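Here's the structure, in structure tokens; my notes come after.
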Amino acid sequence: MNIIDETLEHLKLSNCNTDGTFFQAVKEVLESISPLIESDKRYQENSIVKRLVVPDRQIQFQVSWLDDNNQIQVNNGYRVQFNNALGPYKGGLRFHPSVNSGILKFLGFEQILKNSLTGLSMGGAKGGSDFDPKGKSDAEVMKFCRSFMMELQKYIGDRTDVPAGDIGVGAREIGYLFGTYKNITSKYDGVLTGKPFFFGGSLMRPEATGYGVVYFAKEMLEIEHKKPLLGQVCTVSGSGNVAIYTIEKLRDLGAIPVTCSDSKGFIYDKRGINVELLKEIKFQKRASLELYLETYKSAEYVKVEDYAEDSHGVWNIPCYAAFPCATQNELSLNDAKNLIANGVEIVTEGANMPTTPEATLLFQKEGVVFAPAKAANAGGVAVSGFEMSQNASMQRWTFEEVDLKLQETMRQISKKVALTAKDYGVERNYVDGANIVGFKKVADAMIAEGI
Ligand code: NDP
Ligand code: 2IT
């Protein structure tokens with residue numbers, strides 16, 4: 001048995017759910033890096049693969065808080081500190097009812113390689129809670145965040161572990177979490193990124209993931225000698241932070257993003273989504289997308305209940321470029337078939353692992369350019385890295401400075417990924433390219449640092 005099969009077997013025996021997202025993420029990475037493991041014995045001699053798939057530590061804690069009716073509510077809180085070979089643990093916090101330790105292990109594992117790809121000094125981590133911010137008052141969100149941070153603050157620090165946002169955690173939550181950390185520790189340091197600008201955040205961090213996704217797609221289209229985004233119809237799923245700024249940048253570059261979605265349904269607006277209205281609905285009103293129809297009666301709204309089986313409505317809309325930006329496994333094999341039948345040329349992942357393994361394989365087999373999340377959405381954490389630099393040096397960079405650095409980061413990642421795929425005999429397989437580049441740097445650091 002080779003080391004890859006041995007590691008996967010070992011995970012199965014250690015009660016890892018083989019149908020879960022963590023196993024899915026690990027399997028993909030290990031399959032990608034097998035040529036590297038075969039060609040360089042150091043990785044086997046140092047048991048790097050076995051060590052990489054086990055988190056350094058997982059913290060689980062109780063989060064009790066008082067709701068607006070003075071009833072005690074109880075949630076689970078987590079932080080998975082996966083690997084710090086390249087720098088302090090770094091990665092977002094997700095507040096969503098579906099959160100459990102398996103999902104956070106998948107996200108933390110992906111984060112190690114993503115952060116490595118940015119070229120910055122950041123290890124990989126993820127955390128969060130099964131708390132659902134939806135429908136809660138600001139006071140309830142604040143009380144939850146205070147209780148969550150009471151425990152989390154024991155394990156984080158600007159040189160130890162630096163959390164940020166993810167699903168359900170935006171500027172409001174980061175503000176409350178930062179305030180609590182500051183109250184408890186009396187420290188005003190860069191312990192969280194994604195802070196609002198006026199108290200230490202980086203300009204462009206809110207936009208960074210979505211903008212970076214579009215910059216990455218642009219680079220990949222150039223590498224592949226395909227038509228640019230200008231004038232092209234694009235489909236986007238999700239309507240949160242990543243989706244909204246993906247739509248905004250697509251519009252700025254002259255593309256026509258025609259869809260967005262949430263957990264209840266999707267909007268199809270042939271003239272292009274009005275991003276200002278979308279921001280108002282989602283950021284200010286925190287309402288359902290159906291509200292879009294009140295302003296644009298000619299747009300279409302399809303409810304989740306009306307989607308065909310094993311299909312997500314957005315992916316039935318013909319497009320040149322598709323951008324899944326909502327959540328994991330939201331683009332199925334059926335969706336991939338529909339997109340291909342409708343002529344899609346490029347799929348760029350904004351969310352983490354939104355495409356199922358079967359759908360990914362089909363895109364690659366059919367020659368669709370497939371830009372994987374850990375490369376394509378690395379712009380968010382890269383600008384988090386820039387925020388850490390600014391906090392540490394007490395400097396503020398301008399929007400233009402951050403934007404230029406972000407564009408350069410996405411360019412460098414796309415080049416490295418494409419070149420590496422070629423060097424390892426898997427030209428155009430950007431999944432393998434990204435996994436090999438990301439892994440190699442972490443693995444070399446782990447060897448150099450010893451056990
Ligand atoms: P938000 O909370 O801002 O938005 C999430 C969006 O996805 C919402 O439209 C939400 O709909 C939808 N969604 C979430 N869960 C589900 C679900 N189970 N089924 C259907 N729709 C769902 O999160 P972000 O935009 O920050 O994150 C989106 C994705 O991007 C995630 O995969 C995240 O890990 C990834 N990511 C985020 C980064 C960041 O900087 N924020 C950086 C890199 C990746 P609804 O409002 O109805 O719940
Ligand atoms: O998945 C991700 O890269 C994020 N949620 C952003 C993490 C960060 O630390 O900015």
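Just so it is clear, the structure is predicted and the values come from calculations on it, not from any experiment. Heads up: numbering here begins at 1 and tracks the sequence. All heavy atoms count here, side chains included; hydrogens, waters and symmetry mates do not. Counting convention: from 1, in listed order, for ligands and their atoms alike.
- Ligand 1 has no atom lying under 4.0 Å from any heavy atom of Ser98.
- When non-hydrogen atoms are compared, ligand 2 lies under 4.0 Å from neither the backbone nor the side chain of Glu110.
- Under the 4.0 angstrom criterion for non-hydrogen atoms, Gly380 is not in contact with ligand 1.
- Within the 4.5 Å cutoff, the side chain of Lys143 has no heavy atoms near those of the Gln73 side chain.
- In this structure, Asp269 contributes its side chain and Ile273 its backbone to no donor-acceptor pair below 3.5 Å.
- Using a 4.5 Å heavy-atom threshold, the side chains of Lys187 and Tyr181 count as touching.
- Of the heavy atoms in Ala373, none comes closer than 4.0 Å to ligand 1.
- Of the polar atoms of Asn377, none of the N or O atoms is found under 3.5 Å from an N or O of ligand 1, judged by distance alone.
- Atom 17 (C) of ligand 1 has its closest protein heavy atom at Thr327 CG2, 3.6 Å.
- Nearest protein neighbour of atom 4 (C) of ligand 2, counting heavy atoms only, is Lys126 NZ, 3.7 Å.
- Between Glu110 and Phe106, the closest side-chain pair of non-hydrogen atoms falls below 4.5 Å.
- Counting heavy atoms under 4.0 Å from ligand 1, residue Arg94 touches it through the side chain alone.
- Nearest protein neighbour of atom 33 (C) of ligand 1, counting heavy atoms only, is Asp166 OD1, 3.2 Å.
- Comparing heavy-atom distances from atom 5 (N) of ligand 2 across Leu107, Thr118, Asp166 singles out Asp166 as nearest.
- Contact atoms of ligand 1 toward Ser261: 9 (O) (distance under 4.0 Å to a heavy atom of the residue).
- Between Val242 and ligand 1, at least one pair of N/O atoms sits closer than 3.5 Å.
- Ring orientation note: the planes of Phe95 and Phe144 are nearly perpendicular, at an angle over 60° on the 30°/60° scale.
- Under 4.0 angstrom from ligand 1, the non-hydrogen atoms of Cys325 all belong to its backbone.
- Looking at Asn241 next to ligand 1, an N or O pair under 3.5 Å apart turns up.
- What sits closest to atom 7 (C) of ligand 2 on the protein, heavy atoms only, is Gly92 N, 3.6 Å.
- Distance from atom 6 (C) of ligand 1 to its nearest protein heavy atom, with residue and atom name: Gly240 N, 4.0 Å.
- For the residues Pro354, Pro206, Gly91, Gly168, the heavy atom positioned nearest atom 2 (O) of ligand 1 is part of Gly168.
- Between Leu289 and Lys264 the shortest side-chain heavy-atom distance does not fall below 4.5 Å.
- At least one cation-pi condition fails for Lys182 and Tyr188: the charged atom is not both under 6.0 angstrom from the six-membered ring centre and inside a 45 degree cone around its axis.
- In terms of protein heavy atoms, atom 6 (C) of ligand 2 is closest to Arg205 NH2, 3.5 Å.
- The distance from ligand 1 to the heavy atoms of Asn352 drops below 4.0 Å at these ligand atoms: 32 (O), 33 (C), 34 (O), 35 (C), 36 (N), 44 (C).
- In this structure, the side chains of Thr180 and Ile184 come closer than 4.5 Å at one or more pairs of heavy atoms.
- Checking Ser202 against Gln390 by side-chain atom types alone, a donor-acceptor pair falls below 3.5 Å.
- Residues Glu330 and Val314 have side chains not in contact (no heavy-atom distance under 4.5 Å, counting atoms from C-beta outward).
- Atom 10 (O) of ligand 2 has as its closest protein heavy atom Ser384 OG, 2.6 Å.
- The shortest heavy-atom distance from Arg205 to ligand 1 is under 4.0 Å.
- Annotation: side chain of Glu300 is in contact with side chain of Lys270 (closest heavy-atom distance under 4.5 Å).
- Because its NZ or CZ atom is both nearer than 6.0 Å to the ring centre of Phe131 and within 45° of the ring axis, Lys136 counts as a cation-pi partner of that residue.
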May I have the step-by-step check of salt bridge (Lys or Arg N to Asp or Glu O under 4.0 Å) for Glu224 and Arg428, ending in yes or no? CA-CA 8 Å; Glu224 288 265 346; Arg428 299 193 69 236; 2.8 Å; yes
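- The distance between the ring centers of Tyr155 and Tyr89 does not fall below 6.0 angstrom.
- Among protein heavy atoms, the minimum distance from atom 48 (O) of ligand 1 is reached at Lys134 NZ, 2.7 Å.
- Residue, atom and distance of the protein heavy atom nearest to atom 23 (O) of ligand 1 are Ile167 CA, 3.4 Å.
- Among protein heavy atoms, the minimum distance from atom 3 (O) of ligand 2 is reached at Lys114 NZ, 2.7 Å.
- Heavy atoms of Thr209 found under 4.0 angstrom from ligand 2: none, in either backbone or side chain.
- For the residue pair Asn316 / Tyr268, no side-chain donor-acceptor distance below 3.5 Å is found, with atom types taken as modelled.
- If you check which protein heavy atom lies closest to atom 11 (O) of ligand 1, you get Ser263 N, 3.4 Å.
- Residue, atom and distance of the protein heavy atom nearest to atom 9 (O) of ligand 2 are Lys90 NZ, 2.7 Å.
- Judged by the shortest distance from any of its heavy atoms, Arg94 lies outside the 4.0 Å radius around the atoms of ligand 2.
- Aromatic ring centres of Phe148 and Phe61: separated by under 6.0 Å.
- Remark: the Asn115 side chain and the Gln111 side chain contain an N/O donor-acceptor pair separated by less than 3.5 Å.
- In terms of protein heavy-atom proximity, atom 39 (C) of ligand 1 is closest to Thr209 OG1, 3.5 Å.
- Side-chain N/O atoms of Glu28 and Gln24 include no donor and acceptor closer than 3.5 Å.
- Within the 4.0 Å heavy-atom criterion, neither part of Glu349 lies near ligand 1.
- When hydrogens are left out, the protein atom nearest atom 28 (C) of ligand 1 is Ala326 O, 3.2 Å; that is the closest non-hydrogen contact.
- Of all atoms in ligand 1, listed by their number and element, those nearer than 4.0 Å to a heavy atom of His96 are 15 (N).
- The shortest side-chain heavy-atom distance between Met388 and Leu120 does not fall under the 4.5 Å cut-off.
- Heavy-atom separations between Pro163 and ligand 2 are all 4.0 Å or longer.
- In terms of N/O distances under 3.5 Å, ligand 2 is not approached by Ala164.
- Residue-ligand proximity, Gly238 to ligand 1, at heavy-atom distances under 4.0 Å covers atoms 9 (O).
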